[in-house]
Amino acid sequence: MFRKIQLTKIELLLSSILIFIAIFSRFYDLSARAVHHDESLHGFFSWQLANGMGFEHNPLMHGVFWFLTNGAIFFLLGDNDFTLRILSAIFGVILILIPILLLKERIGFFSAFIMSLLFTISPHLLYFSRFARNDIIIATVTLLLVYSLFSYVYSSKRNNYLFIFSILLSLGFCIKETHYMTVFFIGV
């Protein structure tokens, strides 16, 4: 899964420009908007955890991954609107990088670049990359899950892909309950 990535000069230039646009669009003025109701709940419980008040999981708040990681971000960087949304922005950029870095060998650079470009300019993905909820995180984990499954089944049958698939599968259950439907569809 972690092979040396080789890009031509033009591929490197196009990828660099796209990555710059992705980072800029996800992180620029991240704290400009007022906090949404869902964001306030995620932020409040993460803040409680970061300040030593503990955390009690409530299934209405989705999985625990968001609260643990965002609580760690609050603890390390402080709590404000920017740090509340930084985790989503990071995963939004990772989602854009996946086609260029991982899918290039299977579908070719042009297809991978177009896929990353569409992820970058998608209003829906941009919105959730700048919104303090776990939707973009589960989308990223799902794409990695599908990649690891197909890498195991169709190319090498190497156990490292199966191991990564298992880690992503269990991580998805810690992120959001919609992962049950994802597992069902992949299983079918």
Side-chain angles (χ1 to χ4, degrees), residues 1-3 5 15 18-19 21-22 25-26 36-39 41-42 45-46 55 57-71 84-188:
M1 182 168 183
F2 300 105
R3 294 181 207 98
I5 299 163
S15 298
L18 189 65
I19 291 166
I21 292 169
S25 65
R26 269 60 183 170
H36 184 277
H37 171 70
D38 286 346
E39 292 179 303
L41 292 173
H42 286 82
F45 292 117
S46 298
F55 174 73
H57 177 61
N58 181 343
L60 294 174
M61 297 301 299
H62 309 298
V64 297
F65 178 81
W66 175 269
F67 300 102
L68 297 176
T69 51
N70 210 47
L84 173 64
R85 296 177 177 133
I86 199 169
L87 188 63
S88 295
I90 290 169
F91 274 90
V93 171
I94 292 171
L95 182 66
I96 292 166
L97 291 175
I98 291 171
I100 292 174
L101 297 179
L102 298 178
L103 300 177
K104 176 188 175 276
E105 285 184 13
R106 303 205 189 286
I107 64 175
F109 176 77
F110 181 73
S111 299
F113 179 78
I114 294 298
M115 188 175 181
S116 290
L117 178 66
L118 291 174
F119 286 174
T120 303
I121 63 173
S122 166
H124 184 77
L125 292 177
L126 177 62
Y127 176 78
F128 282 106
S129 295
R130 298 175 56 87
F131 188 73
R133 272 185 45 119
N134 43 19
D135 302 295
I136 199 71
I137 300 171
I138 198 68
T140 304
V141 168
T142 301
L143 185 58
L144 287 170
L145 184 75
V146 170
Y147 168 77
S148 63
L149 176 65
F150 284 112
S151 294
Y152 175 76
V153 170
Y154 291 111
S155 64
S156 66
K157 299 279 188 193
R158 291 177 37 199
N159 287 340
N160 63 337
Y161 290 115
L162 195 56
F163 182 67
I164 292 167
F165 176 80
S166 301
I167 290 171
L168 292 168
L169 189 64
S170 59
L171 183 61
F173 290 119
C174 296
I175 296 171
K176 197 168 183 187
E177 67 281 352
T178 57
H179 192 64
Y180 289 99
M181 293 185 294
T182 302
V183 171
F184 172 75
F185 291 125
I186 288 174
V188 168

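Below, each value reflects all heavy atoms present in this structure, side chains not excepted, and no hydrogens, waters or symmetry copies. These numbers were taken from a predicted model, which means no experiment stands behind them.
- Crowding of Tyr127 atom OH: a count of heavy atoms from other residues, nucleotides or ligands under 6.0 Å exceeding 12.
- Partners of Thr120 by side-chain hydrogen bond (donor to acceptor under 3.5 Å, both in side chains), not counting sequence neighbours: none found.
- Remark: Arg26 pairs with no residue by the salt bridge (Lys or Arg N to Asp or Glu O under 4.0 Å) rule, at least two apart or across chains.
- Judged purely by atom type and a 3.5 angstrom limit, Ser148 uses its side chain to pair as donor or acceptor with the backbone of Leu145.
- Salt-bridge annotation for Glu39 and Arg133: absent, with no side-chain N of the basic residue lying under 4.0 Å from a carboxylate O of the acidic one.
- Taking CD1 of Ile167 as the start and CG of Leu162 as the end, the distance is 10.5 Å to the nearest 0.5 Å.
- No option in Leu144, Thr140, Ile138 other than Ile138 meets the side chain to side chain contact (heavy atoms under 4.5 Å, CB included) test with Thr142.
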Side-chain donor-acceptor pairs of residues 90-103 under 3.5 Å, sequence neighbours excluded:
none

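- Residues satisfying the ring-ring contact (aromatic ring centres under 6.0 Å, His included) criterion with Phe128, sequence neighbours excluded, are His124, Phe131.
- Ser151 pairs by the side chain to side chain contact (heavy atoms under 4.5 Å, CB included) definition with Arg106, Tyr147, Ser155, Tyr161, not counting sequence neighbours.
- For the atom pair Arg85 CZ and His36 NE2, the distance stands at 10.5 Å (nearest 0.5 Å).
- For Phe55, the ring-ring contact (aromatic ring centres under 6.0 Å, His included) partners two or more places apart in sequence, or in a different chain, are Phe67.
- Legend: salt bridge (Lys or Arg N to Asp or Glu O under 4.0 Å) pairs involving residues 110-125, not counting sequence neighbours: none detected.
- Asn134 is not listed as a side-chain neighbour of Phe65, based on a closest heavy-atom distance of 4.5 Å or more.
- Atom CD1 of Ile136 sits about 3.5 Å away from atom OG of Ser129, to the nearest 0.5 Å.
- Not counting sequence neighbours, the partners of Phe150 by the side chain to side chain contact (heavy atoms under 4.5 Å, CB included) test are Val146, Tyr154.
- Shown here are the side chain to side chain contact (heavy atoms under 4.5 Å, CB included) partners of Ser111, two or more places apart in sequence or in another chain: Ile107.
- Here CZ of Phe109 is found 9.0 Å from CD1 of Ile114. Values are rounded to the nearest 0.5 Å.
- Scanning all heavy atoms of the two residues, the minimum distance from Trp66 to Leu84 falls at CZ2-O, 3.6 Å.
- Within the model, atoms CG of Leu87 and OG1 of Thr69 stand 4.0 Å from one another, a figure rounded to the nearest 0.5 Å.
- Here the OG-CG distance, from Ser122 to Leu117, works out to 11.0 Å after rounding to the nearest 0.5 Å.
- The stretch residues 163-182 participates, sequence neighbours left out, in these side chain to side chain donor-acceptor pair (under 3.5 Å) pairs: His62-Glu177, Asp135-Lys176.
- For the salt bridge (Lys or Arg N to Asp or Glu O under 4.0 Å) condition, no pair includes a residue of residues 112-132, sequence neighbours left out.
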